[in-house]
Amino acid sequence: MFEWITGFIAQAGLLGVAALMFVENVFPPIPSELVMPLAGFNAAQGEMALIPSIMAGSAGSLAGAWFWYWVARRTGAERIQSFVDRHGRWTAISGADLEKSQAWFDRRGGWAVLLGRLIPTVRTFVSVPAGLARMPIGRFLALSLVGTLIWNSILAISGFLLQSQYHLVAEWLDPLAWIVLFGFLAAYLWKVFKAPAR
């Protein structure tokens, strides 16, 4: 995965960074923890500038966050609850999971969006309760942008500072990315087959 992401960023440049970060927010197993440090590394090598790399990654992230917010807001809590009740086994989400996430969001509000954007995996799904709660779109995007810029800046600057040492990190980062990917898949399959048939 490390080599593939490196090659994609090298070929597609800033648009590639934005596209990968959009996909990362829509489908989490492509980790931002790989994409943004690699963008920073490429900036250190002079292939692209650091600040535009951070901006491109943040634009992609924000588009992905808006996508799930829009889906949740358009669909509404009742239809999502109905869908989960019918197909929860295949989505690996139960009605109880949905209720808990909504209750947690209701208690935390804006902090949930801001801090949620700094937590792997949660970054993707925090958009759903925000959409269901019909948080004003301007507030949602502003809070998401702040959290996203902080997260992406930390990752990109880390990759930039590593520079020539980055190949050493790749030796453990690539296997780690595959472990995370297979971990997501294993957890999903476990929930699917553990759930009672509907």
Same cluster or not: Leu15 versus Phe8, using hydrophobic residues (I, L, V, M, F, W, Y) connected whenever any side-chain heavy atoms lie under 4.5 Å apart? no
side-chain contact (heavy atoms from CB on, under 4.5 Å) for Ile137 and Trp70? Distances and angles first, verdict last. CA-CA 9 Å; Ile137 184 66; Trp70 178 82; over 6 Å; no
Just by distance, with hydrogens left out, do Ser144 and Arg117 show a side-chain donor and acceptor under 3.5 Å apart? no
Say whether Trp151 and Trp111 are linked into one hydrophobic cluster, either directly or through other cluster members, by side-chain heavy-atom distances under 4.5 angstrom. yes
Quick check: closest heavy atoms across Leu50 and Gly40, and the distance to 0.1 Å? CD1-CA, 4.1 Å
As a quick check of understanding, evaluate side-chain contact (heavy atoms from CB on, under 4.5 Å) for Glu24 and Val35, giving each step before the final call. CA-CA 9 Å; Glu24 184 263 342; Val35 176; 5.6 Å; no
Measuring from atom CD1 of Ile54 to atom CD1 of Ile150, what distance do you get when rounded to the nearest 0.5 angstrom? 12.0 Å
Name all residues meeting the ring pair (Phe, Tyr, Trp, His ring centres under 6.0 Å) criterion together with Phe140; count only those two or more places apart in sequence or in a different chain, and write none if there are none. Tyr69
Shortest non-hydrogen contact from Ala43 to Ala49? CB-C, 3.9 Å
For Val17 and Ala39 the tightest heavy-atom approach is CG2-CB, 3.9 Å
To the closest 0.5 Å, what do you measure between CE (Met21) and CG (Asn152)? 4.0 Å
Between OG on residue Ser53 and CD1 on residue Ile157, distance to nearest 0.5 Å: 11.0 Å
Atom CZ of Phe67 and atom OG of Ser127: how far apart are they, to the nearest 0.5 Å? 10.5 Å
For the CH2 atom of Trp68 and the OG1 atom of Thr75, what is their distance to the nearest 0.5 Å? 9.0 Å
Minimum heavy-atom distance Val113-Ala130, with the two atoms named: CG2-CB, 4.2 Å
Measuring from Phe160:CZ to Gln45:CD, what's the distance to the nearest 0.5 Å? 9.5 Å
